[in-house]
Every structure is written in structure tokens, then in C-alpha cells.
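So the structure is just underneath, and the comments pick up after that.
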Amino acid sequence: MNDTHLTPKVCIDGNVIRQVREANKLTQLYVAKVVGVTTDTVSRWENNRYPSIRRDNALLLAEALEVDLADILLNGTGESTSAEGRDVKKYSFKILLPVFIALVFFGIVYFYYLHRQPTTYAFSATRVLPTFAVPDGTLPVRIRLDVSGELKGMILREHFPQGWQLLQASPPPSSLDNVEGMVRWIIKPGERPPVISYLMQVPADLVKSPDYEFTGEVIVNPRGSGVTYNVSGDKQVHAGPFHWADDNGDLVIDDSETLAASDSIDEMEKLHLSWETIEKIWDAGKYKWDAEQKKFIPVRGSSTQ
């Protein structure tokens with residue numbers, strides 16, 4: 001007896017997979033990393049060289065493409081057109097219909113029971129932003145991850161203001177679109193950094209009045225299906241000629257702000273942040289932003305002009 005029909009495989013539509021990937025501006029390399037296969041395998045899927053794949057890979061593929069699994073499955077199967085085939089189908093339908101209804105019922109009960117169980121993991125993602133961004137300067141951003149329990153992996157996706165440019169990040173991003181203002185990280189099990197940090201280049205023509213917004217979400221994979229969490233914490237930064245360590249924008253980096261900046265630099269040790277500038281400003285008492293030199297100048301005394 002042939003048991004291959006019991007193999008947990010599904011038929012995928014390669015044309016749809018390619019269209020969705022290209023519409024979402026995803027590379028085959030990105031999709032391959034999420035699923036855990038080679039780019040050659042993704043190419044073969046898209047060209048219908050492998051019309052059926054394992055269901056768990058199909059779930060990861062749908063997650064990478066950010067669609068439901070049903071959206072990438074091939075519709076329809078071959079059918080027998082003979083009279084004998086039709087009779088067999090009618091008989092099978094009468095036998096299998098009650099079985100199908102029973103399976104659906106127990107599936108609903110199981111799904112309800114599964115999702116009523118307490119989660120076996122705890123997760124949070126919190127963004128830390130400076131209060132101010134100086135035009136033509138740089139802005140450090142941190143995402144603190146607090147994870148415990150069983151998670152197969154996660155994807156962090158951050159959206160930053162259009163026109164801003166991501167200069168560097170730790171760890172390096174898996175995908176970056178500086179035109180649309182989006183960056184993504186794939187975080188595999190056992191590779192969970194406590195902090196993801198990145199450095200932004202602020203545009204020179206930044207307008208002072210509006211606030212500039214950062215948003216993000218994390219897709220985690222606790223049981224083989226994606227669950228999305230919004231990144232909490234700071235969301236807005238104001239435009240102004242103030243150092244990122246100057247939390248209240250008074251042109252002074254006081255003792256408490258200096259200590260906080262020291263902790264921030266330690267937490268973002270792989271980014272090129274200048275501790276020397278902060279120390280000189282703290283020692284001088286005040287500072288000013290020199291737009292021509294594109295740097296902060298320590299100022300002694302009461303004048304900041």
C-alpha cells in the first residue's frame with residue numbers, strides 16, 4: 001500500500017509566490033533566510049520545479065512573504081473523468097463527508113483549546129529615542145528586546161522617517177530600504193541580542209516644527225505560526241540644534257544626562273558614537289551646534305552664540 005498521500009505536503013503556486021515577493025520588494029535571499037533553505041530552492045519553487053513542499057516550509061514561506069498560507073497554495077487538483085471514477089467519488093463523498101465534518105469539529109475544539117493555554121514565552125520590544133534630532137547630524141536608536149521562553153525565531157521591522165538614512169546597525173540588518181524608510185532583522189533561535197541599535201543620518205533640511213515618527217513591529221514564531229507585537233517605548237523625535245544626549249534641550253549636558261549618555265554608548269558600543277564630545281561639553285558647561293562644521297562646539301561661560 002502506498003502511504004505517500006499521508007506525507008504532510010502542500011502544493012504551492014510558484015507564479016503567485018514570485019508576484020507577492022516582488023510586490024513586497026523582497027529578495028530571494030531574504031525569503032531563503034526566513035525559511036531556512038537556499039536561494040536555489042526558492043528559485044525552483046517560483047519556477048514550479050518543486051510543485052509540492054513540506055507544510056512547515058510552506059508556513060515559513062507564507063510568513064516571509066507576509067501573506068496567509070492559503071494565498072500561495074495551488075488551487076484545484078486533477079480529477080478523474082471516467083464513469084467509474086465518478087461513481088467512486090460519489091461513494092467516497094458519502095463516506096468521507098461525516099468524517100470531514102467530525103474532523104472540522106475536533107479541529108475547532110483543538111484550536112480553541114490550544115489558544116486558551118497559557119503562553120510558554122514572554123516577549124517585549126522597547127524603542128529608546130533621544131528627544132531631539134539636529135539637522136544634518138546623527139541620531140542613535142535602540143530597540144531593547146526582553147525575551148524568555150520558547151521562541152523559534154523572530155523578525156524585527158522598523159519604519160523611520162522618509163529622507164532619513166540608516167548609516168550603520170548592530171547587528172547588521174537582513175534587509176534595508178533607505179528610500180521607503182524600512183529596515184528588518186531576522187533573529188534566529190539562540191541569536192537573540194538584548195539590544196538592536198542603529199545610527200540615522202538626519203536630513204539637513206529638517207523642519208523644526210513637526211515631530212518625526214518611528215514605528216515598528218516584531219513577528220515571533222512560538223508554535224510555527226506568526227504572532228505580531230508592536231514595538232513600544234519612544235515613537236517621536238523633535239527637530240532642533242541639540243545634542244542627542246541633551247534630553248531637555250537646554251544646551252547643557254548635565255551630570256545625570258552625562259551618566260545616561262555613558263550607559264547608552266556602552267549599550268551601543270559597536271556604533272561610532274563620540275564620548276569625547278560629550279565629555280568636553282560636560283566639562284565646559286554648555287555647547288552650540290555649528291551647522292557649517294556639522295559638529296557640536298563646547299562653550300564655556302553663559303553665552304551659546
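Only heavy atoms go into these numbers, but all of them, side chains included; no hydrogens, no water, no symmetry mates.
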Test side-chain contact (heavy atoms from CB on, under 4.5 Å) applied to Lys235 and Thr215, step by step: CA-CA 6 Å; Lys235 295 183 178 181; Thr215 61; 5.5 Å; no

For the pair Lys294 and Asp136, evaluate salt bridge (charged side-chain N to carboxylate O under 4.0 Å, His left out) and give the outcome as yes or no after the intermediate values. CA-CA 7 Å; Lys294 299 180 182 180; Asp136 213 18; 3.1 Å; yes

Worked check of side-chain contact (heavy atoms from CB on, under 4.5 Å) between Val37 and Val42: CA-CA 7 Å; Val37 297; Val42 175; 4.0 Å; yes

CA sep, side-chain torsions, deciding dist, call: Arg127, Ser232, side-chain hydrogen bond (donor to acceptor under 3.5 Å, both in side chains): CA-CA 6 Å; Arg127 184 186 303 100; Ser232 62; over 6 Å; no

Quick one, Leu167 with Thr138, criterion side-chain contact (heavy atoms from CB on, under 4.5 Å). Give me CA distance, side-chain angles, the key distance, then yes/no. CA-CA 9 Å; Leu167 298 177; Thr138 57; 3.9 Å; yes

Are Tyr212 and Leu129 close enough, and set up right, to give a side-chain contact (heavy atoms from CB on, under 4.5 Å), and what steps lead you there? CA-CA 11 Å; Tyr212 293 86; Leu129 278 174; over 6 Å; no

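Counting only distance, with no hydrogens or angles, the side chain of Ser264 and the backbone of Ala260 share a donor-acceptor pair below 3.5 Å. In this structure, Asn48 contributes its side chain and Asp13 its backbone to no donor-acceptor pair below 3.5 Å. In this structure, Asp177 contributes its side chain and Val179 its backbone to a donor-acceptor pair below 3.5 Å. Counting only distance, with no hydrogens or angles, the side chain of Asp283 and the backbone of Glu279 share no donor-acceptor pair below 3.5 Å. Gln168 places no side-chain N or O within donor-acceptor distance of the main-chain N or O of Tyr198, the cut-off being under 3.5 Å. For Trp164 (side chain) and Pro203 (main-chain N/O), no donor-acceptor pair under 3.5 Å exists by modelled atom type.
Closest approach of Ala261 and Ile278 over heavy atoms only: CB-CD1, 3.9 Å. Pairing each heavy atom of Ala239 with each of Leu206, the nearest pair is CB-CD2, 3.5 Å. In this structure, Ser170 and Leu271 approach most closely via the heavy-atom pair N-CD2, 4.3 Å. In terms of heavy atoms, Leu26 sits closest to Ala64 at CD1-O, 3.3 Å. The two atoms that bring Pro130 and Pro140 nearest to each other are CD-O, 3.2 Å, heavy atoms only. Residues Gly240 and Pro135 come closest through the heavy atom pair O-CD, 3.8 Å.
Annotation: the span from Arg18 atom CZ to Glu22 atom CD amounts to 6.0 Å, rounded to 0.5 Å. To the nearest 0.5 Å, atoms CG (Leu145) and OG (Ser124) are separated by 8.0 Å. To the nearest 0.5 Å, the span separating CD on Gln28 from CD1 on Ile17 amounts to 11.0 Å. In this structure, NZ on Lys9 lies 5.0 Å from OG on Ser52, to the nearest 0.5 angstrom. To the nearest 0.5 Å, the span separating CD on Glu63 from OG1 on Thr228 amounts to 8.5 Å. The CZ atom of Arg55 sits 7.5 Å away from atom CG of Leu73, with the distance rounded to the nearest 0.5 Å.
Among residues two or more places apart in sequence or in another chain, the side-chain hydrogen bond (donor to acceptor under 3.5 Å, both in side chains) test is passed with Asp146 by none. With sequence neighbours left out, Asn15 forms a side-chain hydrogen bond (donor to acceptor under 3.5 Å, both in side chains) with no residue at all. In this view, Ser174 satisfies the side-chain hydrogen bond (donor to acceptor under 3.5 Å, both in side chains) rule with no residue, not counting sequence neighbours. For Tyr30, the ring pair (Phe, Tyr, Trp, His ring centres under 6.0 Å) test picks out no residue, with sequence neighbours left out. Applying the side-chain contact (heavy atoms from CB on, under 4.5 Å) test to Leu103 and every residue at least two apart in sequence or in another chain returns Val99.
Between Leu74 and Ile12 the shortest side-chain heavy-atom distance does not fall below 4.5 Å. Contact of the Leu166 side chain with the Leu199 side chain is not registered, since no non-hydrogen atoms from C-beta on lie closer than 4.5 Å. By the 4.5 Å heavy-atom criterion applied to side chains, Asn47 and Ser43 are counted as neighbours. When side chains are defined from C-beta on, Thr27 does not count as touching Val31, because their heavy atoms never get closer than 4.5 Å. Counting only heavy atoms from C-beta outward, the side chains of Met182 and Glu158 never approach each other to under 4.5 Å. The shortest side-chain heavy-atom distance between Trp275 and Thr258 falls under the 4.5 Å cut-off.
Ile196 and Val128 fall into different hydrophobic clusters, where Ile, Leu, Val, Met, Phe, Trp and Tyr are joined by side-chain heavy atoms under 4.5 Å apart, directly or via other members. By the rule that hydrophobic residues join a cluster once side-chain heavy atoms approach within less than 4.5 Å of another member, Val202 and Ile297 end up as members of separate clusters. Put simply, Trp45 and Val67 are part of the same group of oily side chains (I, L, V, M, F, W, Y) that touch within less than 4.5 Å, one to the next. The hydrophobic clustering, which links ILVMFWY residues whose side-chain heavy atoms are closer than 4.5 Å, places Phe296 and Val252 apart. A single hydrophobic cluster is not seen to contain both Val195 and Met200; linkage of ILVMFWY side chains at heavy-atom distances under 4.5 Å, directly or through other members, places them apart.
Using a 3.5 Å distance cut-off with no hydrogens or angles, the side chains of His159 and Glu213 do not pair a donor with an acceptor. For the residue pair Trp282 / Asp254, no side-chain donor-acceptor distance below 3.5 Å is found, with atom types taken as modelled.
A salt bridge links Arg184 to Glu66: at least one charged side-chain nitrogen sits closer than 4.0 Å to a carboxylate oxygen. Contact check on Arg44 versus Asp40 returns a salt bridge, with a Lys/Arg side-chain nitrogen under 4.0 Å from an Asp/Glu carboxylate oxygen.
Residue pairs meeting the side chain to side chain donor-acceptor pair (under 3.5 Å) criterion with at least one member in residues 237-253, sequence neighbours excluded, are Thr131-Asp247, Asp211-His238, Asp246-Tyr287, Asn248-Asp250.
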